[in-house]
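A, B, ... follow the sequence lines: proteins, then strands. Residue 1 opens every chain. Below, all heavy atoms of this structure are taken into account, side chains as well, without hydrogens, waters or symmetry copies.
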Amino acid sequence: MNAIVTLSGVTKRYTRGKQTVEVLHGIDLEIAQGDFVALMGPSGSGKTTLLNLIGGLDQPSTGSVAVAGERIDTLSGSKLAKWRARHIGFVFQFYNLMPMLTAQRNVELPLLLTSLSAAQRKKNAEAALAVVGLADRSKHKPNELSGGQAQRVAIARALVADPTLLVCDEPTGDLDRNTADEILHLLQTLNREHGKTIVMVTHDPKAAEFASHQMHLDKGLLVGTTVAA
Amino acid sequence: MFKQTSAVVAMNLRAVPQRLGASSVIVVGIAGVVAVLVSVLAMATGFNQTVAKAGSPDRAIVLRGGSQAEINSGMGRDSVQTVLDSPGIRKDADGKPIGTGDMVTIVNLPKISDGSDSNVTLRGTGAKFTRLRPELRIVQGRMFEPAVRELIVGEAALKQFKGVTVGSRLNFRESDWTIVGVFSTGGDNHESELIGDVDTVQSAFRRTGFSSITVLLESPDSFEAFKDHLTTDPTLTVDAKREPEYYAEQSKQITTLLNFMAYFVGGIMAIGATFGALNTMYSAVSARGIEIATLRAIGFGAMPVVISIFVEALLLSLLGGIIGAALAWVFFNGNAVSTLGSNFSQVVFQLTVSPALVISGIVLACVIGSLGGLFPAIRAARLPIATALRAT
Ligand SMILES: Nc1ncnc2c1ncn2[C@@H]1O[C@H](COP(=O)(O)OP(=O)(O)OP(=O)(O)O)[C@@H](O)[C@H]1O
Ligand SMILES: [Mg+2]
């Protein structure tokens, strides 16, 4: 297996006042290049915490996190920011679009961190919007879009800089069944046809079925991996 | 870096209209502070300018030893003669020294603005008065005549007090006076006075003494010789001062008071506005907590975030500063105000909103804005991204 993400012996402790809580108790996992992994588990089991470690938004208390062969648990804050810009596309439950910007400007944001020209940025943003099927909505502001459309824009934003990994935290958590399925189909297409590696946190077993693998987290421990039928 | 920063700044600024209420707290608060500070300082500036105009370096004023002001000074006719016979005083064509013994007294006149009684200086002066003060011009009517109860009124007094137009009659101490002319002295504090002939004033007010002696020196350098002569004369106990020094001393207290007021009141308001700005920016930052965290997750650095918040606060307070200074200018520049000046009487001066004051006001606004923006900006940049993202 060609692992793009490797965690070994990862623990995460939070300290609040004098109390220290360990949320992840020694996680070892590998995610293969081109995989689509659903991370499942009850609320509070540590899914978001684990996803944040993989996406370089947070750092482990102990253990190592390597993505595409690079240790990220030792990077400083500003190096990590640059690293995220190059390697990670994020999709959030509530889309997290910038309300003042049009769809196209939202999608362009990650490209501001590259050396692309303004014209090239616009072109790439439009291409990404076309991939998610929203080429005709590029001038709309987030409040003029439905939930599903907003999430497509967010996915386009996550894709536009061609990241190593797409990291999605409950991307369908705020959507109805049909819209959720459309988003999941989109993710599946991105995985199957564009070869994107995806890690997706979800509560929803139906959503998890769209993935190729399911990982189950319970009380801070990985309790099993299922390969999709 | 620049691209990142300008994109984030532009995005923040575009969001300002959405937070109009909160943003206007900064603008209005700072506009208020700057308006008050600039107005009070304009008062101090105007007062200083009026006082600085008073007095000529080639004139000296003599008061009884230890007297701070003309009103509490008193000298006899022989002292006046001795002083006028001293060396260093310029002589007129008739060979007499150019100098006058003046008697000042306070009279009450109603203000035009609210009708309340105010103290006004009435000055009786000697024959060499017009030679002594060549800056004095009659702008309306004519000069008073000696031996009759005639007065001329300064332009500033004319604007402030009722019943002093040319031809008006005034009654002081059972004596009737007629205003026969209006004079200008180029804006110094004599323009707040009524002036008449000294002998006539003395007899009407049943006084014999003199309050001050003013002389025209041969040159500004003659002052030392003049002063030395007075201090070595055992029959005299007088203090001699150059006129500009005398007026500067007279106004020191008021200048100090006005400056104190400006900086004290302005300072307290500035502190208040700083907290207002801090509060507004903290709420702006927390309202945009998710946006900021998302940008940082995408890979934007902490610096563009800090700068964008800072710039927003700075621009809002700059706007407030400009509005405040403009208000002060529109409403107060050139307004005449009077205050207690020398001799405990009214000195009329103009509020002067100078460019320097406008600039200081705007600089203050920017300082307040920077302080108000800096801490929220730093907090936004230091909050862990994972924590900030959870705030949904
Ligand atoms: N900053 C923090 N400080 C202290 N405790 C935290 C912090 N962040 C998360 N936790 C705790 O860590 C545990 C795991 O949280 P996490 O958000 O990873 O769970 P989750 O599986 O994503 O839950 P959900 O399905 O509700 O999103 C929870 O008990 C949570 O309270
Ligand atoms: Mg979660």
- request: Could you list which of residues 81-88 of chain A have a heavy atom closer than 4.5 Å to any heavy atom of chain B, in residue-number order?
  value: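 The residues closer than 4.5 Å to chain B, in numerical order, are Ala81(A), Arg84(A), Ala85(A).
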query: Should we count OH of Tyr14(A) as having more than 12 external heavy atoms under 6.0 Å?
result: yes
Between Leu112(A), Asp169(A), Leu113(A), the one whose heavy-atom pairs under 4.5 Å with chain B are most numerous: Leu113(A)
Show me the donor-acceptor pairs within less than 3.5 Å that the side chains of residues 310-326 of chain B make with the rest of the protein, sequence neighbours left out.
unit_1, atom_1, unit_2, atom_2, d
Glu312(B), OE1, Arg19(B), NH2, 3.4
Glu312(B), OE1, Arg288(B), NH1, 3.2
Glu312(B), OE1, Arg288(B), NH2, 3.2
Glu312(B), OE2, Arg19(B), NH2, 2.6
Ser317(B), OG, Ala313(B), O, 2.8
Ser317(B), OG, Leu314(B), O, 3.0
Ser317(B), OG, Ala365(B), O, 3.4

- prompt: Is there side-chain contact between Arg296(B) and Leu57(A), with heavy atoms separated by less than 4.5 Å?
  reply: no
field: Straight-line distance of Leu389(B) CG to Asn96(A) CG, nearest 0.5 Å
entry: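 Output value for this atom pair is 6.5 Å.
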- prompt: Within a strict 4.5 Å, meaning less than it, do heavy atoms of the Ile290(B) and Phe92(A) side chains meet?
  reply: no
query: Is chain A contacted by the side chain of Ala386(B), its backbone, both, or neither, given a heavy-atom distance below 4.5 Å?
result: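 Both backbone and side chain of Ala386(B) come within 4.5 Å of chain A.
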- prompt: Who wins among Met100(A), Gln93(A), Glu108(A) for the most heavy-atom pairs under 4.5 Å with chain B?
  reply: Met100(A)
message: Using heavy-atom distances under 4.5 Å, tell me whether Tyr95(A) contacts chain B through its side chain, its backbone, both, or neither.
response: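 Contact with chain B is absent: no heavy atom of Tyr95(A) under 4.5 Å.
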- prompt: Below 4.5 Å, heavy atoms only, C-beta onward: do Pro99(A) and Glu291(B) meet side chain to side chain?
  reply: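 The answer is yes, as the side chains (C-beta and beyond) meet within the 4.5 Å cut-off.
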- prompt: About how many Å separate CG of Asp58(A) and OG1 of Thr387(B), when rounded to the nearest 0.5 Å?
  reply: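 So the gap between those two atoms works out to 7.0 Å.
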query: Among Ala302(B), Ala10(B), Gly299(B), Ala293(B), which has the most heavy-atom pairs under 4.5 Å with chain A?
result: Gly299(B)
query: More than 12 foreign heavy atoms under 6.0 Å from OH of Tyr282(B): is that the case here?
result: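 More than 12 heavy atoms, drawn from other residues, nucleotides or ligands, come within 6.0 Å of this atom.
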